[in-house]
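What you see is a predicted model, and the numbers here were worked out from it, not measured in a lab.
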Amino acid sequence: MRMTRLHAPTLKETPKDAEVVSHQLLVRGGYIRKLAAGIYDFLPLAQRVLHKISRIVREEMDRAGAQEVLLPAVQPAEIWQESGRWSKYGPELLRMNDRKGGEFCLGPTHEEVIVDLVRRDVRSWRSLPLNLYQIQTKFRDEIRPRAGLMRGREFIMKDAYSFDVDEAAANESYDAMFEAYQRIFRRCGLDFRPVEADTGAIGGSRSHEFQVLADSGEDAIVGCTACDYAANVEQAELEPAQREVAPAGPALETVETPDKRTIAEVSEFLGLDATRFVKTLIVDADGTLHAILVRGDHDLNEIKLAKVLGADAVRLADDAQVVAATGAPVGFAGPVGLKGVESIIADHAVRGLRDAVVGANAADAHHMHVDEGRDFRVARFADLRLAVDGDPCPRCGGALKGYRGIEVGHVFFLGTKYSEAMRCNYLDESGRERPMVMGCYGIGVTRIMAAAIEQNHDDRGIVWPRAIAPYQVAVLPLQMNKTDVVEAAESIYTRLSDAGIETLLDDRNERAGAKFADAELIGAPLRIAIGGRGLREGIVELKVRGGDAVEKIPLERLHDEIRSRLA
RNA sequence: CGGGGUGUAGCGCAGUCUGGUAGCGCACCAGUUUUGGGUACUGGUGGUCGGAGGUUCGAAUCCUCUCACCCCGACCA
């Protein structure tokens with residue numbers, strides 16, 4: 001491709017609405033443009049990258065036995081009502097009406113559509129297992145789209161759905177997808193880790209996320225430093241610690257803590273470590289208030305709490321609810337004498353705490369020397385907090401360590417949740433009707449593009465992993481007024497292109513500096529610089545993007561050299 | 001949805017406080033020049049100043065409403 005013809009408008013300056021590096025470089029490099037919040041145009045360079053990623057995904061999905069389909073983006077409300085998600089999914093589901101007033105939505109995921117498809121035509125155990133996938137544009141009306149392609153509203157996703165006769169077979173399908181995903185992300189050149197995950201709105205019982213490790217990632221994950229256990233912090237199980245319960249401490253005492261509300265403020269004011277505090281959170285679980293206790297240095301995990309309470313929606317109570325429940329303004333809630341809640345539930349780490357500090361349920365006051373069991377009673381202890389560095393691994397007892405990650409893939413074991421709700425049944429060998437056992441598997445294709453950049457860039461631009469680079473080679477004639485330079489570049493370009501190597505020729509009448517800058521921004525893995533000086537010695541310069549070395553390659557050896565580099 | 005911020009040419013910005021009819025750099029077009037790390041010069045194209053209403057002789061500027069976008073939080077594959 002000639003740069004004079006390529007539609008890749010590069011920018012010298014970073015647009016101010018781009019904060020994360022992948023967003024900045026994709027805009028500056030002429031890969032994407034924004035149409036609306038979380039909605040982007042993909043320009044030719046981006047489309048080439050997306051094709052590369054999609055191709056890898058297709059090859060591995062096909063290899064794993066899945067078959068590609070293409071399902072509608074616009075879906076009728078009826079099937080969503082049938083699965084129960086029309087009312088459960090919330091405003092993230094973009095709903096609309098057709099001219100006759102019929103209700104539709106833009107598909108955020110395709111369980112309903114695929115189940116509807118399969119239940120109509122698959123009746124026999126002989127047709128199973130079946131795994132169907134598609135690569136298609138999804139729409140989720142995110143509360144706050146952000147970070148460019150990392151969390152858009154419209155994005156390209158590969159979604160696959162497996163149907164099996166029973167749980168054992170479904171687990172095999174799940175394992176096959178797990179393997180395929182590892183191959184896909186490895187081939188894309190990503191440094192990633194599969195982690196155990198929560199099943200979220202999709203539902204189901206077994207789930208793994210594939211997290212690309214990057215400090216800019218939105219997700220917090222923990223990994224064991226001793227074994228290969230890794231999990232989303234939301235999911236990481238924490239066993240109750242085995243420890244001695246100390247004898248009762250000194251008697252409870254109430255102290256003035258004027259205007260000190262947060263653990264940090266009170267802990268500084270009293271000169272006591274945060275581990276000595278009990279944080280009392282008033283939560284609203286499906287309309288019922290509960291007091292949740294976690295140690296001062298720990299954070300509540302609302303997902304674990306929702307499971308423990310068996311609630312659909314758990315949120316922190318608002319100010320008015322807190323005042324009603326505790327009789328004090330926000331910041332002074334405590335378990336001692338607390339009456340205004342349905343129950344008091346505590347994290348394991350609170351059990352047997354002695355000489356603790358808690359809110360006094362009165363403005364500007366806290367209790368000191370509080371003993372759990374003596375001064376307040378807990379209805380139930382459970383694992384309710386987020387894991388932190390140093391927590392014990394639930395598998396081997398080793399130390400957990402926290403990382404940031406970008407979720408590029410997620411696999412779910414669904415069981416019969418959708419097949420039962422939507423009567424997706426088959427006849428087994430004995431002629432009995434049974435629900436199919438399902439799994440679903442997603443990959444964020446556009447998000448992979450962003451994640452690859454987050455992981456592979458420098459201060460000049462993108463450093464593409466070779467497998468997903470839009471072009472492999474950039475050919476730069478450095479002086480456009482020198483006929484021999486232009487001719488050499490043209491000839492190299494033609495020969496590489498004819499050999500099927502994706503090559504960009506920078507035939508613009510620009511100076512060398514501008515060409516170097518754009519080549520580095522766009523990020524082709526190999527760069528050939530051709531100048532009059534080198535040509536007199538019969539050489540051109542080859543540079544690997546991301547490296548430092550500039551190699552002088554004799555013209556006659558160049559073609560073979562490039563081919564061997566790309567092999 | 002709560003908090004914070006920004007809307008002036010494709011991009012980055014000044015002008016707004018103190019009202020007088022829009023400017024700078026980059027990009028783009030033409031010409032000259034230059035040709036190994038974003039050449040230099042000259043001349044140009046392009047904006048109903050996010051939108052609506054109001055105040056005023058006069059509004060980018062003051063007032064009211066509204067929309068969009070970004071960040072943090074809550075939420076979320």
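- E60(A) contributes no side-chain N or O that, together with a main-chain N or O of I184(A), makes up a donor-acceptor pair within less than 3.5 Å.
- At a threshold of 4.0 angstrom between heavy atoms, the contacts of G534(A) include nucleobase atoms, whether or not backbone atoms are also involved.
- When heavy atoms are screened at a 4.0 angstrom cut-off, R527(A) is found touching base atoms of the nucleic acid.
- One atom, CE of M480(A), and another, C1' of rU34(B), lie 14 Å apart when rounded to the nearest Å.
- Within the cation-pi definition used here (under 6.0 Å to the ring centroid, within 45° of the axis), R95(A) does not qualify as a partner of W80(A).
- Within 4.0 Å (heavy atoms only), D17(A) reaches sugar-phosphate atoms of the nucleic acid but no base atom.
- Salt-bridge annotation for K279(A) and D347(A): absent, with no side-chain N of the basic residue lying under 4.0 Å from a carboxylate O of the acidic one.
- Where stacking is scored as ring centres under 5.5 Å apart with planes under 30°, F155(A) registers as stacked on the base of rA77(B).
- Of the candidate nucleotides rC75(B), rA77(B), rG36(B), rG36(B) has the atom nearest to the side chain of E541(A).
- Comparing the same atom, C1', in rU21(B) and in rG47(B) gives a spacing of 14 Å after rounding to whole Å.
- Each of N481(A) and A18(A) was assigned the nucleotide of RNA chain B with the nearest heavy atom; the assignment lying further toward the 5' end belongs to N481(A).
- Nucleic acid contact for E407(A): sugar-phosphate only, since backbone atoms but no base atoms lie under 4.0 Å from a heavy atom of the residue.
- Under the 3.5 Å distance criterion, the side-chain polar atoms of Y161(A) are matched with a main-chain donor or acceptor of H110(A).
- As the counterpart of rC17(B), no nucleotide is assigned, since no Watson-Crick or G-U wobble pattern has both distances under 3.5 Å.
- Of the possible polar contacts, one joining the Y181(A) side chain to the Y441(A) backbone as a donor-acceptor pair under 3.5 Å is found.
- When each of G532(A) and G152(A) is assigned the nucleotide of RNA chain B with its nearest heavy atom, G532(A) is the one assigned upstream, toward the 5' end.
- Between the C1' atom of rA77(B) and the CD1 atom of I448(A) lies a distance of 14 Å, rounded to the nearest Å.
- Comparing the C1' positions of rC11(B) and rA27(B) gives an interatomic distance of 7 Å, to the nearest angstrom.
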Which letter, B, S or -, goes with each nucleotide of nucleotides 38-44 of chain B from 5' to 3', with contact meaning a protein heavy atom under 4.0 Å? BB-----
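- Comparing rU33(B) with rU45(B), their P atoms sit 24 Å apart, to the nearest whole Å.
- Residue R144(A) places at least one side-chain N or O under 4.0 Å from the OP1 or OP2 atom of rC71(B).
- Under the 6.0 Å cut-off for aromatic ring centres, F178(A) and H208(A) qualify, their centroids lying closer than that.
- A 6.0 Å sphere centred on CG of D215(A) holds no more than 12 heavy atoms belonging to other residues, nucleotides or ligands.
- Nucleic acid contact for E142(A): base, since at least one base atom lies under 4.0 Å from a heavy atom of the residue.
- Taking only distance into account, the side chain of R151(A) meets the base of rC76(B) through a donor-acceptor pair shorter than 3.5 Å.
- At the heavy-atom level, G442(A) lies nowhere under 4.0 Å from the strands shown.
- Look at rU42(B): its Watson-Crick or wobble partner, with both distances under 3.5 angstrom, is rA30(B).
- Side-chain contact between D219(A) and Y403(A) is absent, with no heavy atoms from C-beta onward closer than 4.5 Å.
- E154(A) has no carboxylate O lying under 4.0 Å from a charged side-chain N of R140(A), or vice versa, which leaves the two without a salt bridge.
- The aromatic ring centres of Y40(A) and H23(A) sit less than 6.0 Å apart.
- When the P atom of rA74(B) is taken as reference, atom CG of L386(A) falls 11 Å away, rounded to whole Å.
- Taking the C1' atom of each, rU8(B) and rU56(B) are spaced 22 Å apart, rounded to whole Å.
- Atom P of nucleotide rC11(B) and atom NE2 of H23(A) are separated by 12 Å, given to the nearest angstrom.
- Counting only residues at least two apart or in different chains, side chain to side chain donor-acceptor pair (under 3.5 Å) contacts with residues 536-549 of chain A comprise D458(A)-R545(A).
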Quick one: what's the B/S/- string for nucleotides 3-9 of chain B, heavy-atom cutoff under 4.0 Å, read 5' to 3'? ---S---
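- Remark: P of rC11(B) and CZ of R33(A) are 9 Å apart, rounded to the nearest angstrom.
- We find that CG of L93(A) is positioned 14 Å from C1' of rC76(B), with the value rounded to whole Å.
- Comparing rG25(B) with rU61(B), their C1' atoms sit 23 Å apart, to the nearest whole Å.
- Between the C1' atoms of rG58(B) and rG20(B), the separation comes to 7 Å (whole Å).
- Here rC75(B) presents its C1' atom at 14 Å from CG of L300(A), a figure rounded to the nearest Å.
- Remark: the separation of the C1' atoms in rG19(B) and rA9(B) is 24 Å, to the nearest Å.
- Side-chain proximity of E13(A) to rC71(B), rU35(B), rG25(B): nearest is rG25(B).
- Although no hydrogens or angles enter the test, the distance criterion places no donor-acceptor pair under 3.5 Å between the side chain of R28(A) and the main chain of L521(A).
- A 3.5 Å limit on both hydrogen-bonding distances identifies rC72(B) as the Watson-Crick or G-U partner of rG2(B).
- Heavy atoms of A519(A) sit nowhere under 4.0 angstrom from any nucleic acid atom.
- Within the 3.5 Å criterion, the main-chain N or O of M3(A) finds no donor-acceptor partner in the side chain of D506(A).
- Distance from the side chain of I143(A) is smallest for rC1(B) among the nucleotides rG36(B), rG12(B), rC1(B).
- Among rC11(B), rA77(B), rG73(B), the nucleotide with an atom closest to any side-chain atom of H410(A) is rA77(B).
- Comparing the same atom, C1', in rA40(B) and in rA14(B) gives a spacing of 25 Å after rounding to whole Å.
- Across the protein-nucleic acid pair, E218(A) atom CD and rA77(B) atom P stand 12 Å apart, rounded to whole Å.
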